[in-house]
Amino acid sequence: MTPLLEVQNITKRYGSRIGCAEVNFTLYPGEVMGIVGESGSGKSTLLNCLAGHLPPDEGAVLYDTRADGMVDTVTMSEPERRMLSRTDWAFVHQNPRDGLRMGVSAGGNVGERLMAVGARHYGNIRDTATDWLGRVEIAAERIDDRPSAFSGGMQQRLQIARNLVTSPRLIFMDEPTGGLDVSVQARLLDLLRGLVRDLGLSAVIVSHDLAVVRLLADRLMVMKGGHVVESGLTDQVLDDPQHGYTQLLVSSVLQV
Amino acid sequence: MSDYNFAYLDEQTKRMIRRALLKAVAIPGYQVPFASREMPMPYGWGTGGVQVTAACLRPEDTLKVIDQGADDTTNAISIRKFFERTAHVKVTTHTAEATVIQTRHRIPEEPLTEDQILVYQVPIPEPLRFLEPRETETRKMHALEEYGLMHVKLYEDIARHGEIATSYAYPVKVEGRYVMDPSPIPKFDNPKMEMAALQLFGAGREQRIYAIPPYTEVVSLDFEDHPFVASKADHSCELCGADNAYLDEVIIDDAGERMFVCSDTDYCESRRATQQEDAA
Amino acid sequence: MIHIDNLSKSFTLHNQGSAVIPVMADANLTVAAGECLALTGASGAGKSTLMRLIYGNYLAAGGRILVGDVDVATSEPRDILQLRRETLGYVSQFLRVVPRVPTLEVVAEPLLAVGKSPEEALTRAKMLLGRLNIPERLWSLSPTTFSGGEQQRVNIARGFAHNYPAMLLDEPTASLDPTNRETVLHLIEEAKARGAAIIGIFHDADARARVADREIDVAQFTPKAA
């Protein structure tokens with residue numbers, strides 16, 4: 001099997017300060033990779049470098065494109081990269097306001113990516129949008145409401161629908177359940193797991209919540225000070241952490 | 001008033017504007033930035049159009065200025081007088097006699113010819129602006145032809161009103177490449193934009209110039225199942241009887257009585273003159 | 001089927017003065033297909049640790065853990081994931097599930113993961129839940145709200161959903177009433193009959209005597225104090 005994503009030696013500096021350094025990993029189709037670490041550990045910087053939102057100073061992000069096979073997305077042209085990120089990739093922001101158009105109806109939000117790749121039949125766009133709202137458990141009659149009238153959990157689910165409507169193969173998530181209350185988190189986790197399995201999605205999920213990554217991620221990378229200090233199977237890293245920092249992280253979780 | 005340079009602007013400024021115009025003609029629909037000058041009129045009164053007109057005028061030209069189709073409104077009259085004084089050009093209200101026509105929000109009903117230039121006054125040149133507030137991002141979207149957002153606007157129209165309710169400033173795609181705001185002309189005028197005359201657009205406050213060369217393809221955006229319709233009021237003109245001209249609805253008394261008349265005053269008057277001749 | 005050579009394990013506690021605690025050394029064992037091996041030893045002797053090492057949940061310090069032809073001690077995470085999906089099942093003492101997922105789907109999930117059709121997976125899940133006496137009215141509810149015994153039975157149903165060639169059973173009969181205990185022992189015997197290699201921990205001596213072919217005391221793997 002060929003990898004979907006191959007990250008080679010990604011380094012990003014902010015002046016003399018290190019954002020993330022020498023990160024390497026390979027993601028295969030259907031795999032979910034979790035990235036954990038405390039605030040400022042470089043996990044969001046890494047995610048933004050992978051998703052093409054930040055240019056890394058060094059390294060390559062090879063992606064298995066549908067048309068041309070493995071291509072370095074860091075050096076590919078901007079139009080190609082932007083096309084990739086609105087078709088084959090998805091990005092779920094922690095704050096749905098960053099990923100939604102708040103002045104546009106739910107249907108328009110979901111339909112935008114379709115229209116961006118050339119859909120020009122209103123009826124079909126609306127049918128697809130309705131279908132996707134259903135999949136993320138938003139009632140069809142809310143299709144013409146704006147996201148500002150939605151609860152936080154609904155906004156997050158709408159953001160997911162908006163991202164998945166073009167059937168991407170790789171989804172980047174930045175703290176997808178952050179800022180949601182616990183019952184809403186559970187529902188979202190269940191939804192994400194179902195979508196990842198049913199659609200065969202690969203995902204890179206950044207979170208500081210170890211419970212979230214235990215449920216969603218197959219594999220885990222632990223970051224500290226911009227470096228990956230430990231990686232491996234999710235349950236192995238959490239149950240038998242090898243690095244001192246990971247041991248501290250795991251033992252710091254409050255038990256309920 | 002002979003102390004003014006011909007057509008008010010100094011020659012260097014006119015050259016700068018002409019260079020922008022040439023670039024605009026070379027890339028139909030593309031917004032060319034230009035160093036818009038302060039003009040002796042407030043923004044929103046046609047400062048962009050006036051600068052483009054000034055840069056195009058020759059002493060032998062004949063100028064017509066319309067505002068919403070009418071030659072006799074304050075805005076049209078003051079701009080016409082402005083060029084009468086500063087350029088000493090001939091002015092007219094007859095569409096066929098004019099070589100340069102400056103317009104605010106209408107295209108004359110009478111078809112224009114290859115010898116004419118139509119100058120539009122533009123308030124907001126960026127068609128994507130209301131959906132994407134960042135100029136850096138809209139420029140990138142134009143450069144990369146990422147126009148999905150434009151259809152989101154039309155989608156919202158249909159979702160909200162059951163049809164595309166945008167009735168003016170209806171977005172068009174020029175020569176299969178740039179999406180352009182045709183200025184706030186009624187969508188009834190959109191099909192006329194594929195014309196023989198050169199069309200120039202000037203936005204003074206926003207400092208942008210764009211153009212549609214003669215016979216350029218101009219397509220109004222739409223959906224397959226909600227095609228573009230160049231609609232107008234379902235009446236005919238109560239003065240000249242025209243049933244294919246764009247109409248204004250005029251309230252005529254305190255009782256709310258109203259009538260529909262041609263918005264193009266010159267068109268209406270010529271038709272009535274012809275009808276009287278025929279009757280005589 | 002399962003073959004362990006010279007396995008060793010130690011824990012390093014970096015935050016407690018980097019204390020190194022050796023917990024296992026020179027572990028060797030082999031389980032053939034169709035055979036059931038019972039791990040014995042006092043509490044804390046390392047039975048669960050050994051199970052977790054085999055499942056890849058703990059990282060081995062040295063030695064080999066062959067399950068089929070995959071060496072769990074050195075394989076890439078994705079190879080271990082594939083092994084867990086297709087070859088190696090693990091029935092732990094605790095059920096860990098995503099909240100809100102219905103019991104039926106929890107049990108069917110391992111079958112869906114190996115590509116079985118939803119109908120086939122649900123049919124088998126219903127059969128197993130029925131055999132383990134989980135009332136049908138509970139099938140559409142999340143097991144997170146169930147009693148301990150019910151959760152344990154759901155866990156067993158899930159563990160036996162897919163016919164794994166190798167299985168790890170951690171106290172499968174604990175906290176079960178006689179009827180359900182009998183069902184679980186039947187399931188284990190059926191798994192053996194179809195050729196599964198099983199390693200189990202049974203505190204229930206009768207159950208151990210009934211299903212286990214051999215016993216091994218993990219105390220012999222405890223590192224000798226140097």
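Numbers restart at 1 for each chain; the letters A, B, ... are given by sequence-line order, proteins then strands. Excluded from the calculations below are hydrogen atoms, water molecules and symmetry mates; all remaining heavy atoms, backbone and side chain alike, are included.
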>> Closer than 3.5 angstrom, by distance alone: can the side chain of B:Glu146 be matched with the main-chain N or O of A:Ala116 as a donor-acceptor pair?
In response: no

>> I need the minimum non-hydrogen distance between B:Arg160 and A:Asp144, along with the two atoms involved.
In response: NH2-O, 4.1 Å

>> So for A:Arg86, is it side chain, backbone, both, or neither that comes closer than 4.5 Å to the heavy atoms of chain B?
In response: side chain

> Do A:Tyr122 and B:Leu154 come within less than 4.5 Å of each other through their side chains, counting heavy atoms only?
Replying inline: no

>> For A:Tyr14, I'd like to know if atom OH has over 12 heavy atoms of other residues, nucleotides or ligands within 6.0 Å.
In response: yes

>> Is any side-chain heavy atom of A:Arg82 closer than 4.5 Å to one of B:Leu144?
In response: yes

>> I'd like to verify something: which residue of B:His226, B:Lys140, B:Glu145 has the highest number of heavy-atom pairs under 4.5 Å with chain A?
In response: B:Lys140

> In terms of heavy-atom pairs under 4.5 Å with chain B, which of A:Gly111, A:Gly123, A:Gly107 leads?
Replying inline: A:Gly107

> With distance as the sole test, does B:Asp225 use its side chain to make a donor-acceptor pair with the main-chain N or O of A:His121 at under 3.5 Å?
Replying inline: no

>> Just checking B:Asp234: does its CG atom have more than 12 heavy atoms from other residues, nucleotides or ligands closer to it than 6.0 angstrom?
In response: no

> Using non-hydrogen atoms only, which part of A:Leu114 is less than 4.5 Å away from chain B: side chain, backbone, both, or neither?
Replying inline: neither

>> How close do A:Gly108 and B:Glu156 get, counting heavy atoms only, and between which atoms?
In response: CA-OE2, 3.7 Å

> Contact part of B:Ile158 toward chain A, heavy-atom cut-off under 4.5 Å: side chain, backbone, both or neither?
Replying inline: both

>> Can you tell me which portion of B:Leu131 sits under 4.5 Å from chain A's heavy atoms? Options are side chain, backbone, both or neither.
In response: both

>> Could you check whether any side-chain heavy atom of A:Glu112 comes within less than 4.5 Å of a side-chain heavy atom of B:Tyr155, counting everything from C-beta outward?
In response: no

>> Is B:His151 in contact with chain A via its backbone, its side chain, both, or neither, using a 4.5 Å heavy-atom distance?
In response: both

>> I need the minimum non-hydrogen distance between A:Arg101 and B:Leu149, along with the two atoms involved.
In response: NE-CD1, 3.2 Å

